[in-house]
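Data first, discussion second: the structure below is written as structure tokens.
All residue numbers in this chain count up from 1 along the given sequence.
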Amino acid sequence: MKLINTPYLPESDVCIGVAGTGILKYTDELKRLGIDTLVTDSEPDLPKPVINHADLCVNYLGNGIVLLSKTQKKLKALLEKLGCKCYIINENLKNAYPDDCLLNCIVNSTDLICNYDITSAKIKELANEKTVIDVNQGYTKCSVCAVSDKAFITDDKSIYKALKNAEYDVLEVEKGSVALDGYDYGFIGGACCKISKDVLAFFGNAKAHKCYEDIKAFCKNYNVDLLSLDNKRLCDIGSFIPIFENE
């Protein structure tokens, strides 16, 4: 196996990723697909519905570089044994916005997409060669799904506008089709993830999304097929973060 170069954009089949406990109802299906999951510890200082959301306590910058909250020491040790270079951020995650989303941003080959003012200083340091695309939405990673290096799906208007201005190909979808206990709805980025170069997997039934046909057509433009991991309502599990792929 090898480390994934660009976050969320594997070039072959994913074999190891990180997620919170919401992944557990999908692990049998993922295992069948050859994917093992490292599960984060709960974050007691976060709002209760999202204490197990990996995209709030882990950020993968690519090339084996992982940033983690102070609670994730066991995960840090596991990832380092596998060859990752891990950093614990200095800031503390807290119960209220924006201190719950210090790690909730995404990078690609050229850009750091985030609400820059609230992003962890360690991310700014390690991604300082990237061009910043500043957005209003603090829950940036939650709100986007990477389809290719310059193509994203988002359910956030500020992210859509910022990415379009940066000449990305962007599909904006409606909110409301993704469940998140304790909230009116969840986010598209927390409910799907590429598990190979040409497969975008959904935690739940992709066809249940209001914009399913648009999503399917958009992904087809990039030779990406959709895979539903069960037949239930889409669920924001706090993202699945691919780290390793097969050679």
Side-chain angles (χ1 to χ4, degrees), residues 1-20 22-23 30 35-41 43 50 52-89 91 93 100-115 119-130 132-133 138-149 152 187-197 200-201 203 236-246:
M1 66 182 184
K2 63 180 181 178
L3 288 157
I4 291 172
N5 183 27
T6 304
Y8 299 97
L9 294 174
E11 287 295 317
S12 63
D13 295 339
V14 172
C15 55
I16 298 178
V18 170
I23 199 69
L30 290 173
I35 302 171
D36 291 323
T37 305
L38 305 177
V39 179
T40 60
D41 284 328
E43 290 284 344
V50 294
N52 293 301
H53 276 212
D55 54 22
L56 296 178
C57 60
V58 180
N59 188 289
Y60 184 54
L61 292 180
N63 296 310
I65 299 173
V66 185
L67 283 78
L68 306 107
S69 69
K70 295 176 181 178
T71 303
Q72 303 303 321
K73 291 183 173 62
K74 286 191 289 186
L75 178 60
K76 178 177 182 288
L78 288 172
L79 288 170
E80 287 177 338
K81 284 182 180 179
L82 291 170
C84 293
K85 189 168 185 177
C86 299
Y87 300 87
I88 299 292
I89 63 171
E91 304 95 337
L93 296 179
D100 57 345
C101 53
L102 307 173
L103 288 165
N104 200 250
C105 61
I106 186 169
V107 304
N108 65 358
S109 64
T110 58
D111 300 325
L112 166 61
I113 306 161
C114 66
N115 183 317
T119 297
S120 170
K122 197 65 179 177
I123 289 178
K124 295 174 183 177
E125 174 192 336
L126 294 174
N128 66 353
E129 78 286 0
K130 305 285 186 181
V132 175
I133 298 178
Y139 301 110
T140 309
K141 171 58 200 76
C142 296
S143 303
V144 299
C145 166
V147 176
S148 80
D149 199 43
F152 285 79
F187 296 97
I188 185 70
C192 61
C193 183
K194 291 187 79 175
I195 58 170
S196 72
K197 185 173 184 176
L200 178 64
F203 303 107
D236 181 347
I237 65 163
S239 300
F240 176 81
I241 306 171
I243 306 290
F244 290 91
E245 62 187 351
N246 293 324

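Lys124 meets the side-chain contact (heavy atoms from CB on, under 4.5 Å) test with Tyr116, Thr119; sequence neighbours excluded. Residues passing the ring pair (Phe, Tyr, Trp, His ring centres under 6.0 Å) test with Phe240, sequence neighbours excluded: none. Partners of Phe203 according to the ring pair (Phe, Tyr, Trp, His ring centres under 6.0 Å) rule, which considers only residues two or more places apart in sequence or in another chain, are Tyr26. Residues forming a ring pair (Phe, Tyr, Trp, His ring centres under 6.0 Å) with Phe187 (at least two apart in sequence, or on another chain): none.
Once rounded to the nearest 0.5 Å, the distance linking CG of Leu56 with CG of Leu103 reads 8.5 Å. Atom CG of Asn52 and atom SG of Cys57 lie 8.5 Å apart (nearest 0.5 Å). Atoms CG and CG, from Leu61 and Leu126 in turn, are 6.0 Å apart once rounded to the nearest 0.5 Å. Once rounded to the nearest 0.5 Å, the distance linking SG of Cys145 with CD1 of Ile188 reads 6.5 Å. Atom CD1 of Ile65 is separated from atom CG of Asn59 by 10.5 Å, given to the nearest 0.5 angstrom. With rounding to the nearest 0.5 angstrom, the CE atom of Met1 is 7.5 Å from the CG atom of Leu3.
Using a 4.5 Å heavy-atom threshold, the side chains of Lys130 and Thr110 count as separate. Contact annotation: the side chain of Phe152 approaches that of Ile106 to within less than 4.5 Å [non-hydrogen atoms, C-beta and beyond]. When side chains are defined from C-beta on, Ile243 does not count as touching Ile4, because their heavy atoms never get closer than 4.5 Å. Considering only heavy atoms from C-beta on, Pro242 comes within 4.5 Å of Tyr8 through its side chain. Ile113 places none of its side-chain heavy atoms less than 4.5 Å from the side chain of Cys105.
Of all non-hydrogen atoms in Val132 and Cys114, the two that sit nearest each other are CG1-SG, 4.4 Å. Minimum interatomic distance between Thr40 and Ala54 (heavy atoms only, all atoms of both residues): CG2-CB, 4.0 Å. Pro7 approaches Val107 most closely through the heavy-atom pair CG-CG2, 3.5 Å. Here the closest non-hydrogen pair linking Leu68 and Gln72 is CD2-CB, 3.7 Å. Between Ala146 and Leu9, the shortest heavy-atom contact is CB-CD2, 3.9 Å.
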Listing, residues 75-85 side-chain donor-acceptor contacts under 3.5 Å, not counting sequence neighbours, or none:
unit_1: Lys76; atom_1: NZ; unit_2: Glu80; atom_2: OE1; d: 3.4
unit_1: Lys76; atom_1: NZ; unit_2: Glu80; atom_2: OE2; d: 2.8

Would you give me the side-chain donor-acceptor pairs under 3.5 Å for residues 10-19, sequence neighbours excluded?
unit_1: Glu11; atom_1: OE1; unit_2: Lys197; atom_2: NZ; d: 3.4
unit_1: Ser12; atom_1: OG; unit_2: Asn246; atom_2: O; d: 2.4

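In this model, a donor atom of one side chain and an acceptor atom of the other lie less than 3.5 Å apart for Lys141 and Ser239. For the 3.5 Å distance criterion, the side chains of Glu43 and Ser69 qualify, holding a donor opposite an acceptor. For the residue pair Tyr139/Asn115, the side-chain donor-acceptor check at 3.5 Å is not satisfied.
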Between Thr37 and Leu30, does the side-chain contact (heavy atoms from CB on, under 4.5 Å) criterion hold? Intermediate values first, please. CA-CA 8 Å; Thr37 305; Leu30 290 173; 4.0 Å; yes

Begin with the C-alpha distance, continue with both residues' side-chain angles, and end with the deciding distance and a verdict on side-chain contact (heavy atoms from CB on, under 4.5 Å) for Asn108 and Asp149. CA-CA 6 Å; Asn108 65 358; Asp149 199 43; 3.1 Å; yes

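Here the side chain of Lys70 pairs no donor or acceptor atom with the backbone of Ile89 at under 3.5 angstrom. Listed for the Tyr60 side chain is no donor-acceptor partner under 3.5 Å among the backbone atoms of Thr6. Distance alone, capped at 3.5 Å, is enough to place a donor-acceptor pair between the Asp236 side chain and the Gly238 backbone. The closest donor-acceptor contact from the side chain of Ser120 to the backbone of Lys122 lies under 3.5 Å. Of the possible polar contacts, one joining the Asn104 side chain to the Thr140 backbone as a donor-acceptor pair under 3.5 Å is found.
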